[in-house]
Peer 1: 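This is the structure I want to talk about, given as structure tokens.
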Amino acid sequence: MEIVILVSLLSLYCDFTDAECLVISPARLVVKYGDPASSNCSSDTPVQMGWEATQGGTDLTDKEVKFLHWRVDSVTDWNNNPTCFTEAGQCQKQLDITVYKLPDSVSISYRKYPDPMVEKHHYQLQCLVQNIAPIERLRVTFYKVNTTGEQTELDTQQKSKDNIKTPENGTYTLDFTPSRDDDGAQLWCSAMLDLGPEGPQPPPVMESDRLNINVLYKPQITMSPGCFSMSITEGDTLSLNCSAKGNPAPSYDWLHPQSAPAPNTTEERSVVTITNMAKSHSGEYTCIARNPLGNSTCTVNVEVTVNYLLIIAELAAAAVVIILFSCFIYSSYYKHTRMGHYQLKDRLPRRHKNKQVVHHNGMDQSFM
């Protein structure tokens with residue numbers, strides 16, 4: 001009875017004290033499926049020991065030894081748990097071994113394909129990782145990269161620890177609500193097998209192909225400088241640019257005051273131009289951009305102000321015309337009334353019949 005109790009106490013002591021029992025080195029192995037693996041079992045004192053394993057197992061040694069080697073050329077058993085033991089099972093240690101396999105493929109898709117994808121609608125992305133082990137050490141991350149090259153991590157997921165050692169397929173889903181900024185972006189997922197410090201470094205990562213997304217959204221006017229009020233001088237040219245972003249590309253309509261002339265418009269009517277603006281052309285000019293998903297409007301309140309410089313110039317020009325016309329009238333009247341009725345005889349001195357001519361000092365003088 002005392003011997004049984006002593007053996008039991010020795011067994012418990014061996015379970016908690018490596019120094020007096022068995023030591024496995026390395027204590028943990030991470031092995032790729034099909035690769036070789038090995039470990040060593042040792043004891044401070046010579047004992048009979050053996051390895052119990054589905055691959056590479058050995059019987060208890062005939063002689064007492066301090067160490068015993070375990071080796072497998074190709075690990076093909078997912079549930080192999082090599083255990084080193086001594087005679088009568090008084091001491092035993094199990095090798096912590098993880099057999100892993102990289103996925104055959106990683107792919108991303110929609111669970112229900114959107115036809116087409118529309119802004120603010122809800123969709124579900126699916127990342128499928130095929131034939132991977134152990135799946136509990138797998139981390140799947142969803143990514144997005146926009147048209148400028150900026151990358152965003154959307155979500156990271158990991159399965160609960162269910163201790164499944166054999167290869168499995170893993171399906172990971174993500175709810176995705178696109179915005180207009182996502183139009184032309186790319187989505188993909190990556191699968192990283194993180195096996196700890198004993199595993200390959202850095203942890204192996206496998207990415208899916210990239211999924212190009214096309215997002216439909218209603219127009220949004222990007223009018224420069226925007227919906228505003230403006231003043232323009234009479235006689236100038238009004239030009240309004242009503243460009244808008246939308247998918248599909250929007251069409252344009254313009255509403256303008258009835259007194260304004262029909263505007264000249266560029267292709268697709270995104271730009272309106274009116275020359276020689278008049279005071280009566282003042283009012284609201286409204287642009288409407290539309291596509292099948294909706295429309296957007298922008299109104300510009302235009303006030304046409306009087307061009308005082310033009311008025312002054314017109315008055316000055318009128319004054320010059322009046323002066324020139326007056327000069328012309330005066331000149332014509334003067335010549336007609338004065339110069340046209342003069343006679344030369346009226347301008348010469350009158351001579352009388354009894355006039356005598358006296359020569360005096362060489363000069364002729366006339367006397368009445």
Peer 1: Measure the spacing between CD1 of Ile24 and SG of Cys41 and express it to the nearest 0.5 Å.
Peer 2: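 Here the rounded value is 5.5 Å.
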Peer 1: Find the distance between CD (Glu207) and CD1 (Ile108) and round it off to the nearest 0.5 Å.
Peer 2: 11.0 Å
Peer 1: Regarding Gln157 and Asp155, is there a side-chain donor-to-acceptor distance under 3.5 Å anywhere?
Peer 2: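 Distance-only check passes for Gln157 and Asp155.
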Peer 1: Under a 4.5 Å side-chain heavy-atom rule over Ile, Leu, Val, Met, Phe, Trp and Tyr, are Leu128 and Tyr172 clustered together?
Peer 2: no
Peer 1: Checking one residue: Leu255. Which other hydrophobic residues are in its cluster under the side-chain 4.5 Å linking rule?
Peer 2: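 Hydrophobic cluster check, Leu255: joined to Ile288.
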Peer 1: Any side-chain donor-acceptor pair under 3.5 Å between Asn214 and Asn247?
Peer 2: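 Asn214 vs Asn247: donor-acceptor pair found between side chains.
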Peer 1: Do the side-chain sulfurs (SG) of Cys298 and Cys242 come closer than 2.5 Å?
Peer 2: no
Peer 1: With a 3.5 Å cut-off and sequence neighbours excluded, list the donor-acceptor pairs that the side chains of residues 131-142 form with protein atoms.
Peer 2:
unit_1 : atom_1 : unit_2 : atom_2 : d
Asn131 : ND2    : Asp104 : OD2    : 2.9
Glu136 : OE1    : Asn163 : N      : 2.9
Arg137 : NE     : Asp194 : O      : 3.3
Arg137 : NH2    : Asp194 : O      : 3.4
Thr141 : OG1    : Thr156 : OG1    : 3.1

Peer 1: How about Trp51 and Phe85: are their ring centres within less than 6.0 Å of each other?
Peer 2: no
Peer 1: What I want to check is whether the side chains of Gln55 and Thr76 have a donor and an acceptor closer together than 3.5 Å.
Peer 2: yes
Peer 1: With no hydrogens and no angle check, just 3.5 Å: does a side-chain donor-acceptor pair link Glu303 and Ser282?
Peer 2: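 Result is no, nothing qualifies.
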Peer 1: Are Val65 and Met49 close enough, and set up right, to give a side-chain contact (heavy atoms from CB on, under 4.5 Å), and what steps lead you there?
Peer 2: CA-CA 7 Å; Val65 294; Met49 65 177 70; 3.9 Å; yes
Peer 1: Are Thr54 and Asp77 linked by a side-chain donor-acceptor pair shorter than 3.5 Å?
Peer 2: yes
Peer 1: Rounded to the nearest 0.5 Å, how far apart are OG1 of Thr98 and CG of Leu29?
Peer 2: 9.0 Å
Peer 1: Can you tell me how far apart CG (Leu154) and CG (Asp175) are? Round to the nearest 0.5 Å.
Peer 2: 11.5 Å
Peer 1: If you count the non-hydrogen atoms of other residues, nucleotides and ligands that lie under 6.0 Å from CG in Asn79, is the total more than 12?
Peer 2: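 Counting other residues, nucleotides and ligands, CG of Asn79 exceeds 12 neighbours.
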Peer 1: Report the distance from atom CG of Asn80 to atom CD of Glu52, rounding to the nearest 0.5 Å.
Peer 2: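 Interatomic distance, Asn80 CG to Glu52 CD, rounded to 0.5 Å: 10.0 Å.
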Peer 1: Taking atom OG of Ser38 and atom CG of Leu95, what is their separation to the nearest 0.5 Å?
Peer 2: 9.5 Å
Peer 1: Tell me if a side-chain donor or acceptor on Ser190 pairs with a main-chain N or O of Met206 at a distance below 3.5 Å.
Peer 2: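 Such a contact is absent between Ser190 side chain and Met206 backbone.
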Peer 1: For the residue pair His69 and Thr58, establish whether any side-chain heavy-atom pair is separated by less than 4.5 Å.
Peer 2: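 Heavy-atom side-chain distance check fails, nothing below 4.5 Å.
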Peer 1: Would you say the side-chain atoms of Asp209 pair up with the backbone N or O of Val106, donor to acceptor, closer than 3.5 Å?
Peer 2: no
